[in-house]
Amino acid sequence: MHNWLYSGLQEMRVSRNLEVLKMGTISYLEALKLQEKLVADRKSHKIPDTLVSLQHPPTYTLGKRLTDHNLLIPETELKRIGAELHYTQRGGDITFHGPHQAILYPIIALHDMGLGARKSVEKLESTMIDLASLYGVKACPGNKCETGVWVGERKIGAIGVQISYGVTSHGLAFNMDPYLSYFKQIVPCGIANKDVTSLRRETGLALPTEDVVQDQLISCFARQFGYGDLVWKDAASVSSDNGETE
């Protein structure tokens with residue numbers, strides 16, 4: 001086989017499309033329901049690899065290890081501070097999701113791209129590190145037993161992934177400019193005596209609009225995972241695809 005033809009076939013084989021769903025701000029339970037449907041559709045090859053980009057109202061989530069002790073206030077107090085608590089089947093410890101935080105939930109088939117669980121998590125870390133570097137912030141993966149992405153001793157991004165038959169769900173949360181006071185009600189990701197930070201805090205600058213930062217995060221993700229073409233959809237098109245009307 002001619003080298004140019006072999007190279008062309010190789011390029012066709014590794015170039016992948018990614019469908020991006022931009023959902024705006026939706027509740028955690030709504031996002032969970034959407035992820036469950038997308039995972040089922042991805043397993044049955046009804047949809048391509050899909051990335052959900054969104055924000056949540058103030059929400060604490062626990063991973064499957066059920067480390068309730070890392071919630072530092074009684075559950076009865078959560079309503080007073082305007083937050084919810086949800087239990088999940090993802091990996092990782094307790095974390096917070098809220099406004100001004102860029103969240104990505106990849107629904108992707110790892111086997112199709114020859115990735116294992118550890119490598120996919122490393123790529124999620126690199127996605128957030130790449131975004132931070134765009135703003136001159138030097139971030140890095142945590143030390144052993146310190147999940148997520150850090151700026152020195154301060155955590156700027158969290159990761160919690162669920163993998164079912166090689167298809168991922170849940171994902172990452174990057175702190176653009178969230179209300180950091182919410183993190184003081186938990187031991188973030190079960191790591192005590194460490195601070196939580198944000199892109200706004202680290203740069204001390206006014207950031208672009210959050211849509212711009214979230215789109216930059218999506219681009220960093222696509223680059224890390226080797227997607228060639230992005231197909232963009234919004235919440236309205238997702239409702240239409242599901243046969244729902246407003």
Side-chain angles (χ1 to χ4, degrees), residues 18-44 46-64 66 68 71 75-109 124 127 157-165 167-179 182-183 185-186 188-189 209-211 213-215 217-218 221 230-246:
L18 179 69
E19 195 163 277
V20 181
L21 308 184
K22 298 187 69 175
M23 301 301 297
T25 299
I26 65 175
S27 73
Y28 189 81
L29 289 181
E30 188 178 353
L32 196 60
K33 182 179 178 182
L34 174 61
Q35 288 183 81
E36 289 170 352
K37 181 183 187 307
L38 292 173
V39 167
D41 288 348
R42 186 67 189 91
K43 287 179 180 177
S44 59
K46 292 180 180 178
I47 62 171
D49 284 351
T50 300
L51 184 67
V52 184
S53 173
L54 48 73
Q55 293 189 32
H56 288 311
T59 307
Y60 295 104
T61 66
L62 280 158
K64 57 188 177 182
L66 300 178
D68 305 66
L71 177 65
E75 287 190 37
T76 53
E77 288 290 298
L78 292 175
K79 187 174 182 181
R80 180 183 61 79
I81 65 172
E84 298 180 350
L85 175 68
H86 293 290
Y87 295 83
T88 77
Q89 290 302 304
R90 63 163 173 78
D93 209 299
I94 193 169
T95 194
F96 171 77
H97 295 314
H100 318 301
Q101 189 183 60
I103 298 171
L104 297 183
Y105 293 144
I107 314 297
I108 61 177
L124 292 179
T127 295
I159 293 174
V161 177
Q162 181 179 357
I163 301 174
S164 175
Y165 296 97
V167 175
T168 67
S169 57
H170 299 277
L172 64 83
F174 182 87
N175 296 335
M176 294 182 291
D177 189 19
Y179 303 118
Y182 278 105
F183 289 95
Q185 311 304 329
I186 60 174
C189 300
T209 66
E210 292 186 352
D211 271 349
V213 179
Q214 287 185 277
D215 286 356
L217 185 63
I218 291 166
F221 174 91
L230 304 185
V231 180
W232 299 82
K233 291 190 173 184
D234 58 20
S237 65
V238 173
S239 296
S240 175
D241 289 346
N242 290 335
E244 299 172 2
T245 56
E246 294 186 1

Exercise. When you look at H170 and V161, which way does the side chain to side chain contact (heavy atoms under 4.5 Å, CB included) test go after all the steps?
Worked result: CA-CA 5 Å; H170 299 277; V161 177; 5.5 Å; no
Exercise. Quick one: OG1 on T168 to CD1 on I107, what's the gap to the nearest 0.5 Å?
Worked result: 6.0 Å
Exercise. So which heavy atom on P106 is nearest to which on L124, and how close?
Worked result: CG-CD2, 4.2 Å
Problem set entry | Nearest atoms (heavy-atom pairs only) where A31 meets Y105 | CB-CE1, 4.2 Å
For this session: Please report the shortest heavy-atom distance between I81 and Q185, naming the atom on each side.
Result: CD1-CG, 4.1 Å
Exercise. Once you round to the nearest 0.5 Å, how far does CG of N175 lie from NE2 of H97?
Worked result: 10.5 Å
Problem set entry | Minimal non-hydrogen separation, E84 against L78, with atom names | C-CD1, 4.4 Å
For this session: Rounded to the nearest 0.5 Å, what's the gap from CG on L51 to NZ on K22? Could you check?
Result: 11.0 Å
Problem set entry | Test item: Y182 side-chain N/O and Y60 main-chain N/O as donor-acceptor pair under 3.5 Å | no
Problem set entry | Donor-acceptor contact present, side-chain H56 to main-chain I26, <3.5 Å | yes
Problem set entry | Rounded distance (nearest 0.5 Å) linking atom NE2 of H86 with atom OG1 of T59 | 5.5 Å
Exercise. Do you know which two heavy atoms are closest between P58 and G82, and how far apart they sit?
Worked result: CB-O, 3.4 Å
Problem set entry | T95 versus A158, closest heavy-atom pair with distance | OG1-CB, 3.9 Å
Exercise. Do the ring planes of F183 and F96 sit parallel (below 30°), tilted (30 to 60°) or perpendicular (above 60°)?
Worked result: perpendicular
Seminar exercise, completed: In this structure, CD of Q35 is separated from OG1 of T50 (nearest 0.5 Å) by 11.5 Å
Seminar exercise, completed: In this structure, CG of L54 is separated from OG of S27 (nearest 0.5 Å) by 10.0 Å
Exercise. Any luck finding a side-chain donor-acceptor pair between E210 and Q55 under 3.5 Å?
Worked result: yes
For this session: Step by step, work out the side chain to side chain contact (heavy atoms under 4.5 Å, CB included) result for D215 and W232.
Result: CA-CA 11 Å; D215 286 356; W232 299 82; 3.8 Å; yes
